[in-house]
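A quick write-up on the structure given underneath.
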Amino acid sequence: MNVRRSAAVLAAVAVVGAATPAAADPSPSPSQAFPSALYGGKDPKFDGVWRQSLALLAQKTVGVKPAAKSVEWLVRQQCADGSFAPYRADPTAACDAKTMVDTNQTAAAVQALTALGGHDTVTGKAVAWLKSVQNKDGGWGYTPGGASDTNSTSVVIGALTAAGEKPQQVEKGGKSPYDALQKLALGCDGDDAGAFAFQPDKKGRLAANADATAAGVLGALGKGMVVKPGEKTEAAKGQACEDKKTPQQAAANGAAYLTKALAEDGHLTSALPGADPQPDYGNTADAVVALAARGDTGQAEKSLSWLEKNASAWAAQNGPAAYAQLIFAAHATGTNPRDFGGTDLVKQLNATGPAPQTAEKTQAAEEESDSDSGPFGVWWYVGVCLVAGVGIGFLFSGRRNRQQP
C-alpha cells in the first residue's frame, strides 16, 4: 500500500510523470483549502481516494460508522465511466482524457464502499471499468494500458472478491488474474525463492520485491485488505518451495519468502538510493496481514509485536492510510487496535478527519445492556440511583469500548 502503493506509484512515475503518494506536499499552505470531509491534512492530489478508502474501510472493520459526508465525498469522486482518480477538486466537472484515473484508487474505493454497503451502483460501475481495462495477460497495471504488476493485480482481485465476483472467472484473452500473478512469481531456485516481483525488467527478468510479495500472497489467496486470520498452517519457513503452478502454492511460496525476510529483525526494510536501509513499517504491516490470511501466525504475531513497539511515530507522520494499515494488521492477528502498544489506533485514525458516527459495536452493547436490566428497564434503576443521591454519571462511568473481534 501507500503507503503500500509505493512500488506501483513509482512505476507510474516513469509513465505518467506523477510523484508517489509518499512524496506529496507535506502539508497544505494556509491558502489551500481541502474538503472538510477528507481524512488527512496532506495534499490529496496523489492519494486522496486511496487514503479515504482505507480510512473508511478501517473504521468499518472496527465497528465505527464513518461520517456520512466522508462517505459521500468518496462516492462523488467517481468518474462517469466508473473509474476513480486520486483527487478531483471539483467533482461536478466531468472527467476527461487529462483526468489521471487508475486501478489502485478504483479498487480501494470498491473495497471500502462494498464493506459500507448501500453503494451497489457505484461499485458495479467501478468493477465494470476495472474489467474493461484488464490486460491480455489477465492482470492490471497501475494505469489503464500499463504493464501488469503484482500490486495492482492483487488490489483489483481484492475488489473483485469484495464485490462478489470470482476472480478466476474474470478473464481477458483466456487469462485470469491468477495467471498474471503466477507469471510474476519467482521460481524455487536461489535465495529469493518464492517471492513475487513487482514487474519484469526490460529484459524480462524478475527481481524479488517484499512489497509485491505481501500483495501477491493476498492476491493469490483471493483476499482483500481486510482479512480474518486463516486456519493455522505448518510454519511457512519449514515448507519447501514448489514450482506447482497454482494460486495456493504461489501464496505458500510467497509466505515462506516473507517469513524468511522478517525472521531476523521482525520487519522489512527499504532504502532509497544512497541511503542506509530503514525499517519499512507499511510493508511490514502488509506482510503481517498476508501471513495471517494464510494462517502463518507465528511470524505474523512476532512482526505485529514489533510494530506495536515501533510504528506509532511513523503512523502519526503518515496519517490515515498508515493508521488503517496497522488496524488491518491488528485485526488479522486478533489484536486489539484500541490498545496497540499503548496507542488507540482507532482514536488516532478518527482524529485525522471528521468525527465518525456512533460506534456500532458500542451502541449494540449499550442496547443489550439496557435490555438486560430487568423488567423495569434501565431508567427505573436511574431513578433509584437519583433517590439514593447517586449521580447518573456513576452508573455509566464504567462503560468502555469493547475490543473488536
Side-chain angles (χ1 to χ4, degrees), residues 1 5 8 37-38 47-61 65-88 90-97 99-136 138-146 148 151-178 180 215 218-219 221-227 324:
M1 298 181 182
R5 282 284 65 75
L38 185 64
D47 74 335
V49 165
W50 177 264
R51 75 189 191 211
Q52 188 86 342
S53 298
L54 266 65
L56 301 182
L57 183 57
Q59 288 179 326
K60 175 63 177 179
T61 299
K65 191 172 183 180
K69 67 178 183 179
S70 293
V71 180
E72 181 183 6
W73 180 90
L74 180 58
V75 169
R76 295 186 69 207
Q77 287 292 299
Q78 187 176 44
C79 295
D81 64 0
S83 64
F84 283 80
Y87 177 66
R88 294 200 294 136
D90 180 8
T92 64
C95 299
D96 56 26
T99 306
M100 299 306 299
V101 300
D102 68 73
T103 60
N104 289 232
Q105 316 278 338
T106 304
V110 169
Q111 293 192 46
L113 293 173
T114 300
L116 291 169
H119 302 283
D120 291 351
T121 300
V122 176
T123 57
K125 288 175 61 178
V127 168
W129 180 81
L130 288 169
K131 290 181 177 180
S132 74
V133 297
Q134 184 178 16
N135 291 331
K136 292 182 179 179
W140 284 266
Y142 185 80
T143 54
S148 296
N151 297 66
S152 298
T153 299
S154 295
V155 74
V156 173
I157 287 175
L160 294 173
T161 299
E165 299 277 349
K166 295 181 178 180
Q168 67 272 21
Q169 296 179 0
V170 178
E171 296 183 338
K172 179 67 68 72
K175 300 292 185 179
S176 79
Y178 297 129
L218 279 180
L221 292 172
K223 304 286 188 180
M225 299 179 195
V226 178
V227 304

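Here the structure is a predicted model, which is why all the values come from computation and not from measurement. Each residue takes its place number in the sequence, starting with 1.
Side chains of S53 and Q105 form no contact here, defined as non-hydrogen atoms less than 4.5 Å apart. Taking 4.5 Å as the limit, every side-chain heavy atom of T161 sits out of range of all side-chain heavy atoms of K223. Counting only heavy atoms from C-beta outward, the side chains of V156 and P177 never approach each other to under 4.5 Å. Taking 4.5 Å as the limit, some side-chain heavy atom of H119 sits within range of a side-chain heavy atom of V71. Here the side chains of Y178 and P167 are in contact, with some heavy-atom distance below 4.5 Å. At a threshold of 4.5 Å between non-hydrogen side-chain atoms, the residues S70 and Q59 do not count as touching. The shortest distance between side-chain heavy atoms of V49 and Y87 does not fall below 4.5 Å. Between V155 and M225, some side-chain heavy-atom pair lies under the 4.5 Å cut-off.
Atom CG in D102 sits 9.0 Å away from atom OG in S83 (nearest 0.5 Å). Annotation: the span from T114 atom OG1 to D120 atom CG amounts to 7.5 Å, rounded to 0.5 Å. The distance from the CD atom of Q78 to the OG1 atom of T106 is 8.0 Å, given to the nearest 0.5 Å. L160 contributes atom CG, which lies 10.0 Å from atom CD of Q168 (distance to the nearest 0.5 angstrom). Separating the CZ atom in F84 from the CH2 atom in W50 is a distance of 13.5 Å, to the nearest 0.5 Å. For the atom pair CG (L57) and CG (L116), the distance works out to 7.5 Å, reported to the nearest 0.5 Å.
Closest heavy-atom contact between V101 and T143: O-CG2, 4.4 Å. The nearest pair of heavy atoms linking G139 to T153 is CA-OG1, 3.5 Å. Taking all atoms of both residues into account, the shortest heavy-atom contact from L74 to A109 is CD1-CB, 4.2 Å. Contact record, K69 with A37: O-CB, 3.3 Å, taken as the closest heavy-atom pair. The heavy-atom pair separating I157 from G222 by the smallest distance is CG2-CA, 3.8 Å.
Looking at K125, its side chain does come within 3.5 Å of a backbone N or O of A80 through a donor-acceptor pair. A donor-acceptor pair under 3.5 Å is formed between the side chain of N135 and the backbone N or O of G146. The backbone N or O of P91 lies less than 3.5 Å from no partner atom in the side chain of R76, so there is not a single donor-acceptor pair. The closest donor-acceptor contact from the side chain of S154 to the backbone of A215 lies under 3.5 Å. The backbone N or O of T103 sits nowhere less than 3.5 Å from a side-chain atom of W140 that would complete a donor-acceptor pair. When atom types are taken as modelled, the side chain of Q134 and the backbone of V170 share a donor-acceptor pair closer than 3.5 angstrom.
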For C79 and T99, run side chain to side chain contact (heavy atoms under 4.5 Å, CB included): C-alpha distance rounded to whole Å, both residues' side-chain angles, the deciding distance at 0.1 Å, then the answer.
-> CA-CA 9 Å; C79 295; T99 306; 4.2 Å; yes
Derivation of the side chain to side chain contact (heavy atoms under 4.5 Å, CB included) call for E165 and K131 = CA-CA 11 Å; E165 299 277 349; K131 290 181 177 180; 3.1 Å; yes
Please walk me through it: do Y142 and N104 pass side chain to side chain contact (heavy atoms under 4.5 Å, CB included)?
-> CA-CA 6 Å; Y142 185 80; N104 289 232; 3.2 Å; yes
